[in-house]
Amino acid sequence: MVKRNQSNVVSVPINIPQFRHDLITWFEKEQRELPWRENQDPYRVWVSEIMLQQTKVETVIPYFHRFIQSFPTLEALASADEQEVLKAWEGLGYYSRVRNLQTAVKEVVADYEAKVPQDAEQFGKLKGVGPYTKGAVLSIAYGQPEPAVDGNVMRVLSRILLIEEDIAKVKTRKIFEEAVRQLISHDNPSAFNQGLMELGALICTPRNPSCLLCPVQEHCIAYDKGIEQTLPIKTKKTKQQMKAYHVLVLEVNDNEYLLEQRPNEGLLAQMWQFPMVEITEVSENLLLPYINEKYQTTGHSIEKLQPVRHVFSHITWELNVVKIKCDQLHDIKQHQKTLSLEEISEYPLPVSHQKVYRQLLE
DNA sequence: AAATCGGGGTG
DNA sequence: CACCCAGATTT
C-alpha cells in the first residue's frame with residue numbers, strides 16, 4: 001500500500017532494484033517492433049507520442065508512416081501547408097493535436113535552432129506538450145529520468161502499489177508521477193517508462209490481465225491480495241447528449257457540390273463539411289424553400305440519402321442527409337466553395353462527412 | 001474540478 | 001451498450 005502525507009510523499013513498499021531489473025529485462029525481450037522505435041530521433045518520437053494520445057498503437061502505425069513520409073523533418077512540418085497537415089491527420093481525431101504540433105514545431109525552428117529542446121521546462125511549454133508527452137519524449141529520445149504517466153502507467157502502478165485514488169481526477173496523476181520518480185531506473189529511463197506502458201498494453205490489461213505471464217507479478221500487491229481486477233478505481237463520466245442535423249448535399253452544374261470550412265475553434269475546427277442545419281431550425285418539408293431563400297437559388301428534386309449516425313466522445317450526431325440539385329448558387333460565403341468530387345478528396349473531411357461523401361461516389 | 005475534443009476496438 | 005485508448009486545453 002502506498003502511503004502519502006500532505007505533501008504527496010509516496011513510500012514505495014517494493015524491492016525497487018529488483019523491480020527495475022525485471023521490468024526492463026522483460027521489455028528488452030518482448031517489446032513490439034514499432035516504426036517509431038527504429039531510432040531515437042526526437043522529432044519522430046514526438047510525432048508518435050502526439051499520435052498515440054488516446055489512440056491505439058494499431059491505429060497509429062499507418063498514419064505515422066504516411067506523416068513521416070510527407071513531413072520527414074521538423075523543418076518540413078514547420079513549413080508545410082496547414083491544410084495538407086490536417087489532411088494527413090484526417091480520420092485520426094482530436095485534430096487540435098496536429099494544429100498544436102505544427103505550432104510547436106514552428107516555435108522550435110524559430111527559438112531553438114530547429115532542435116527539440118532537452119530542457120524539461122522549455123520543452124513542456126510548447127503547444128500541445130503536456131506532462132505525459134514531456135516525460136515521454138525526454139526519457140525516450142534523450143534518456144532523462146522523467147515520469148511519463150499515461151492511462152497504462154496508472155493502471156499498472158495502481159495494481160502493483162495498490163493505489164486506490166480515483167484516476168479520473170486530474171490531480172491523481174501527480175501521485176503516480178511521484179511514485180515513478182522513486183521507481184525509475186536512471187540507467188535506462190527509456191526502457192523503464194516504455195516497459196510500464198508496454199506491460200499495460202500487453203499484460204496488465206484493463207480486463208482479464210495476464211498475471212500468470214507478468215514479469216513483475218511477485219512485486220504486485222493487488223495480485224497478492226487477488227484484487228487486481230478491481231483496479232484502477234475510476235469514476236464514470238456523464239453520458240453524452242444528441243444533436244440532429246440536416247446535411248445539405250447541394251449539387252450545382254452536375255458534379256459540383258457546396259462544401260464549407262468549419263470555424264477555427266471548437267469541434268472539428270477547420271475541417272471541411274457539407275453544410276449542416278439543425279433539425280430544430282427547419283423541418284424536412286420546409287427544407288427546399290429554406291435553401292432557395294438562403295442560397296438565392298432554385299432547388300429541384302430532393303433525394304433522401306442514407307442517414308448517418310456518428311458518435312463522438314461527448315456528443316452523438318444524427319444526420320439526415322438530403323441531396324438537392326439546384327441552379328447556380330448565389331450568396332456563397334468566404335468559407336464556402338463549390339467543388340467536384342475529385343477536388344473534395346483533397347480536403348480534410350471528418351469521418352462523419354466521409355460517410356456522406358462515399359455515398360456520392362456510388 | 002469539470003467539460004471539451006474523435007474515432008475505433010472490445011466484451 | 002459501456003468502457004478504454006502512449007492526454008491537453010479550456011472553462
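So you know, we letter chains A, B, ... as the sequences are listed, proteins then strands, and number each from 1. It should be emphasised that the depicted structure is a prediction, and the values quoted were computed from it without experimental measurement.
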To the nearest 0.5 Å, what is the distance between CD (A/Glu265) and CZ (A/Arg99)? 7.5 Å
Value in whole Å for how far the P atom of C/dC3 lies from CZ of A/Phe312: 21 Å
If I pick the P atom on C/dC3 and the same atom on B/dA3, what distance separates them, to the nearest angstrom? 15 Å
Nearest to the side chain of A/Arg32, heavy atoms from C-beta on, is which of B/dG7, C/dA6, B/dC5? C/dA6
Using a 4.0 Å heavy-atom cut-off across all strands, classify A/Gly200 as base, sugar-phosphate, or nothing. nothing
Could you state the CG-C1' distance from A/Asn152 to C/dG7, rounded to the nearest angstrom? 12 Å
Can the ring centres of A/His65 and A/Tyr63 be said to be less than 6.0 Å apart? no
Are OP1 or OP2 of B/dG7 and a side-chain N or O of A/Ser313 less than 4.0 angstrom apart? no
Without decimals, in angstroms, what is the distance between A/Leu92 CG and B/dG9 C1'? 14 Å
C/dG7, OP1 or OP2 - any side-chain N/O from A/Arg173 closer than 4.0 Å? no
For A/His219 and A/Asn15, test the side chains for any donor-to-acceptor distance below 3.5 angstrom and give the result as yes or no. no
A/Tyr223: hydrophobic cluster co-members (side-chain, 4.5 Å): A/Leu212
First of A/Val170 and A/Tyr132 reached from the 5' end of DNA chain C, by closest nucleotide: A/Tyr132
Spacing between A/Leu268 atom CG and B/dG7 atom C1', to the nearest angstrom: 11 Å
Send over the distance from A/His314 NE2 to C/dC3 C1', rounded to a whole Å. 17 Å
Out of A/Ser185, A/Pro147, A/Ser139, A/Pro145, which one pairs with A/Asn193 under the side chain to side chain contact (heavy atoms under 4.5 Å, CB included) rule? A/Ser139
In terms of the nearest nucleotide of DNA chain C, which residue is placed more toward the 5' end: A/Glu265 or A/Arg97? A/Arg97
Using a 4.5 Å cut-off between side-chain heavy atoms of Ile, Leu, Val, Met, Phe, Trp and Tyr, which other residues end up in the same hydrophobic cluster as A/Val322? A/Leu248, A/Leu250, A/Val252, A/Leu258, A/Val277, A/Val282, A/Leu286, A/Leu287, A/Leu288, A/Tyr290, A/Ile291, A/Tyr295, A/Ile302, A/Ile324, A/Leu329, A/Ile332
Value rounded to 0.5 Å, distance of OG1 in A/Thr205 from CG in A/Asn152: 10.0 Å
Whole-Å distance, A/Met154 CE to C/dC3 C1', equals 15 Å
Roughly how many Å is it from CE in A/Met197 to C1' in C/dC5, rounded to a whole number? 13 Å
Do any of residues 41-59 of chain A sit with a heavy atom less than 4.0 Å from DNA chain B, and if so which? A/Gln54, A/Thr55, A/Lys56
Take the protein atom NZ of A/Lys127 and the nucleotide atom C1' of C/dT9, then report the distance between them rounded to whole Å. 7 Å
side-chain N/O A/Tyr95 vs B/dG7 OP1/OP2, d < 4.0 Å: yes
Students often get this wrong, so: under 4.0 angstrom with heavy atoms, is A/Arg99 touching a base, only sugar-phosphate, or nothing? nothing
Could you state the interatomic distance from OH (A/Tyr94) to CD (A/Gln54), rounded to the nearest 0.5 Å? 5.5 Å
Just call it for A/Arg37: base, sugar-phosphate, or nothing, with non-hydrogen atoms closer than 4.0 Å on any strand. base
Is any side-chain nitrogen or oxygen of A/His310 closer than 4.0 Å to OP1 or OP2 of B/dG7? yes
With rounding to whole Å, what would you report as the distance between C/dC5 and B/dG6 at their C1' atoms? 12 Å
Nearest-nucleotide 5' precedence on DNA chain B, A/Pro350 against A/Arg207: A/Pro350
Check every atom of B/dG7, C/dC1, C/dA6 against the side chain of A/Arg309 and return the nucleotide holding the closest atom. C/dC1
Determine the Euclidean distance between corresponding P atoms of C/dA8 and B/dG8; express it in Å to zero decimal places. 22 Å
